[in-house]
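Reminder, nothing fancy here: chain letters follow the sequence lines and each chain counts from 1.
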Amino acid sequence: MNVLEGLNPQQMEAVKHYEGPLLILAGAGSGKTRVLTNRIAWLIDEKDVSPWNILAITFTNKAAGEMRERVNNLVGFGAESIWVATFHSTCGRILRRYIDRLGYDSHFSIYDTDDQKSLVKELCKSLEINTQMLKEKRIMAAISSAKNELIGPAEYAAAAGSDFITSKIAAVYSAYQKELKKRNAIDFDDMLMLTVELFEKNEDVLDQYRDRFRFIMVDEYQDTNTAQFRLISQLAGPEGNLCVVGDDDQSIYSFRGANISNILNFEKIWPQAKVIRLEQNYRSTTNILEAANHVIANNRSRKKKTLWTENENGPLIHVKEFDTAFNEADFAASQIASLVSRREASYSDFAILYRTNAQSRLLEEKLLMRGIPYRLIGGVNFYARREIKDLLSYMRVIDNTSDDLAIRRVINVPKRGIGAASINKVAGYAAANGLSFYEALTRGVQIPGLGRAAVKTDAFVTFLQALRGKAQLLTVRKLLEEIIEQTGYIKELREEGTDEAKERIGNIEELISKAAVFEETAADPSLSAFLEEVSLVADIDEMDEQESRVVLMTLHSAKGLEFPRVFMTGMEEDIFPSSMSMMEDDSGSAVEEERRLCYVGITRAMRELTMTWAHTRMLRGETRYHERSRFLGELPADRVDAGGPKEKTVRPSSSGPALPSGNRSTFRFDKPFKREPVKAAVKADRLDYAQGDTVSHIKFGTGTVLSIVDGGKDYEVTVDFEKYGVKKMFAGFAKLKKL
DNA sequence: TGATCTGCGGTTTTT
DNA sequence: CCGCAGATCA
């Protein structure tokens, strides 16, 4: 296959770039992945670069998987030895091998957000920090950004000085790192920070990886934070055979430490860098692209560039206004249903995007009602579910007995009669003697005050030891099944028999098949590797383009994807841009990030884009009013649909920015929030059914009304459905019919 | 010790 | 509105 075929001149130039640093500024849909993969193939084919010497880094497993697949198709022989991975799994692999140089053991656990929170909470308690005043979340965010900036506890404490809050955070940070190390655990941010530290302190290790990774590619470069930037700088070395691809207009992760200046600094660190711009878009219609260009032009801080396309105009952008978010959601569902029934589209053509995960609920409801299959990305992570975390915690303890959090999670699951009192005694003894929780546990009766409970803890220790012994001989999947068997986890759920229990069993079965897939496909099928892999799964990784389903996800998750037809919902001030972004008094940079997010959303669409907004929307249980989003006003009038007969339409600005950047603060103040909840907006005066009546529901079928409670805003009706059991619902939404 | 109840706070985005 | 944490009861 000719890797240069069909490339435009700029793409060609990028693909044929051999040695030295290269910055590719690639607009949305300009074929950047193609350029990256073809360049890899070109290096191998034309320059005899060994696949072994190539590293390609992405942010998500999904992106890595796609790149891997495309590279495999392009590079026949040796493609598997190209290292294609995310930042985090790259660091994971390096650390598994060399983390002993930093005083950890190679069986380290990876703490996720929940684990971090438990630890921070624990530390706040022992440091006597009032978490009402200084929230765990804030501490976690501070620690995370410090790590992203490669600031260790000591440096953080020094910078904190006498500032009360900051010095408290510094104290937690220091204790947090100490405790993690004691537990032989690291968090997400540590993966990066520790790898950088490893390279800094161990020249031999860095040299070894430098020698291997002679050619480095980085995707979504605009999202790199300082730690990631340092890492690739270390690997690339001064000669810098480094090729990065990014788009400053799609930088939407500054809250996670992403640093736009990494793009600007690129040419400073490597003055010899070549810069190539890819501005031709192959994805979207002219109307969509013009809309995107017009909106993003309102941002002041950006590298000026204008995407263009040879594609046809296509349909106009539809902008629809609704009274309520219900109608909005229903509209999206009905549009999809009618297009699919007319065979003009298939479910997988559609994506419904929104700003916050909470907005998915309504949409799900409406899709469900119409029987439209959908895939929800995000929300509660599969691996964060209780049953999954329980089982994984067992595996964590088996892999790493120092993981106090994991062992304390499972010590009484299933119930073993070891309660909080006993746990505290063991923990106290462990702390006093510098032992891990597990080590303390093995001391049994020696622990003061444990008394008769020691019989139970001893049994637990024996149980764990037996499992640990077996683990040596078992594959990951078998081990998991053994744990389930020995603990009676599924058995217990089966006896419970509720819908919820059934769902949990389903989740466990899914975990087993994930373990099965893992042990068949992983290069390193060890327990540590399995636990690492499941820790690093992102929501978006769960998406499968092959499915014939509508996809629901946040605008953030949508980055890097494309769909023939896109709905952007909740286009309202305070929702999108979010109220948070407007509160910050930072000269509008947060709003600019929201605008980039809007740009990302618009440019996901290939053919048809529908943007919707609603005057009222339920938020945390109260109905709130919203104005239409300023971003709608920034659309070019000549690209927007005049609207159907049913809905009123928006008057977009004729040209230019709707809101000069300098005016942001005044704008904020002359538009006070309307926060009064609307009572009786949806509440019917009375219901045409009563307790004991038989009613029918569009999805749940027929059932008997058990009770009706006047909840103020609406009636809450409890119905016992024949097929689905007892459900609680609101009369205004459920649209129950008396039979 | 375990199960149930109540009150409160939370939602911006995530590897 | 929902989920969680602490309080309260069996």
- Expressed in angstrom and rounded to an integer, what is the separation of A:R620 atom CZ from C:dG3 atom P? 15 Å

- Item | Distance under 6.0 Å and angle within 45° of ring axis: A:R96 vs A:F108 | yes

- Query: How about A:L95 and A:Y104: do any of their side-chain heavy atoms sit closer than 4.5 Å?
  - Reply: no

- Query: Do the side-chain N or O atoms of A:K137 get closer than 4.0 angstrom to the phosphate oxygens (OP1, OP2) of B:dG10?
  - Reply: no

- Message: Return whichever of A:S578 or A:A420 has its heavy-atom-nearest nucleotide of DNA chain B closer to the 5' end.
- Response: A:A420

- Message: Regarding A:R416, tell me which of base, sugar-phosphate or nothing describes its non-hydrogen contacts under 4.0 Å with the strands shown.
- Response: nothing

Report each atom pair, protein N/O against N/O of nucleotides 13-15 of chain B, whose distance is under 3.5 angstrom.
{"unit_1": "B:dT13", "atom_1": "OP1", "unit_2": "A:N357", "atom_2": "N", "d": "3.3"}
{"unit_1": "B:dT13", "atom_1": "O4'", "unit_2": "A:R355", "atom_2": "NH1", "d": "3.1"}
{"unit_1": "B:dT13", "atom_1": "O2", "unit_2": "A:R355", "atom_2": "NH2", "d": "3.1"}
{"unit_1": "B:dT13", "atom_1": "O2", "unit_2": "A:H556", "atom_2": "NE2", "d": "3.4"}
{"unit_1": "B:dT14", "atom_1": "OP1", "unit_2": "A:T554", "atom_2": "OG1", "d": "3.1"}
{"unit_1": "B:dT14", "atom_1": "OP1", "unit_2": "A:S557", "atom_2": "OG", "d": "3.4"}
{"unit_1": "B:dT14", "atom_1": "OP2", "unit_2": "A:N357", "atom_2": "ND2", "d": "3.4"}
{"unit_1": "B:dT14", "atom_1": "O4'", "unit_2": "A:R256", "atom_2": "NH1", "d": "3.3"}
{"unit_1": "B:dT15", "atom_1": "O4'", "unit_2": "A:R256", "atom_2": "NH1", "d": "3.4"}
{"unit_1": "B:dT15", "atom_1": "O3'", "unit_2": "A:F59", "atom_2": "O", "d": "2.6"}
{"unit_1": "B:dT15", "atom_1": "O2", "unit_2": "A:H88", "atom_2": "NE2", "d": "3.3"}

- CZ of A:R385 versus C1' of C:dG3: gap in Å, rounded? 15 Å

- Item | Any A:M217 side-chain heavy atom under 4.5 Å of A:V245 side chain | no

- Could you tell me whether A:R256 sits above the aromatic face of A:Y253, with NZ or CZ closer than 6.0 angstrom to the six-membered ring centre and within 45 degrees of the axis? yes

- Expressed in angstrom and rounded to an integer, what is the separation of A:R624 atom CZ from B:dT11 atom P? 14 Å

- Whole Å only: how far is the CD atom of A:E622 from the P atom of C:dC2? 14 Å

- Query: Where the side chain of A:M580 is defined as all heavy atoms beyond and including C-beta, which of C:dA5, B:dT11, B:dT1 is the nearest nucleotide?
  - Reply: B:dT11

- Would you say A:N148 and A:T226 make side-chain contact, with heavy atoms under 4.5 Å? no

- Query: Does A:F463 have A:R416 sitting over its ring (NZ/CZ under 6.0 Å from centre, angle to axis within 45°)?
  - Reply: yes

- Using a cut-off of 4.0 Å on non-hydrogen atoms, how would the nucleic acid contact of A:S422 be classed: base, sugar-phosphate, or nothing? sugar-phosphate

- Item | Nearest-Å distance for atom pair CG/P, residues A:L619 and C:dC1 | 14 Å

- Query: Between C:dC4 atom P and A:K121 atom NZ, what is the distance in whole Å?
  - Reply: 11 Å

- Give one of base, sugar-phosphate or nothing for A:K62, where a contact means two heavy atoms less than 4.0 Å apart. nothing

- Message: Looking at B:dG9, I'd like to know if its phosphate oxygens (OP1 or OP2) sit under 4.0 Å from a side-chain N or O belonging to A:K135.
- Response: no

- Message: Within 45 degrees of the ring normal and closer than 6.0 Å to the centroid, is that where the cationic atom of A:K32 sits relative to A:Y221?
- Response: no

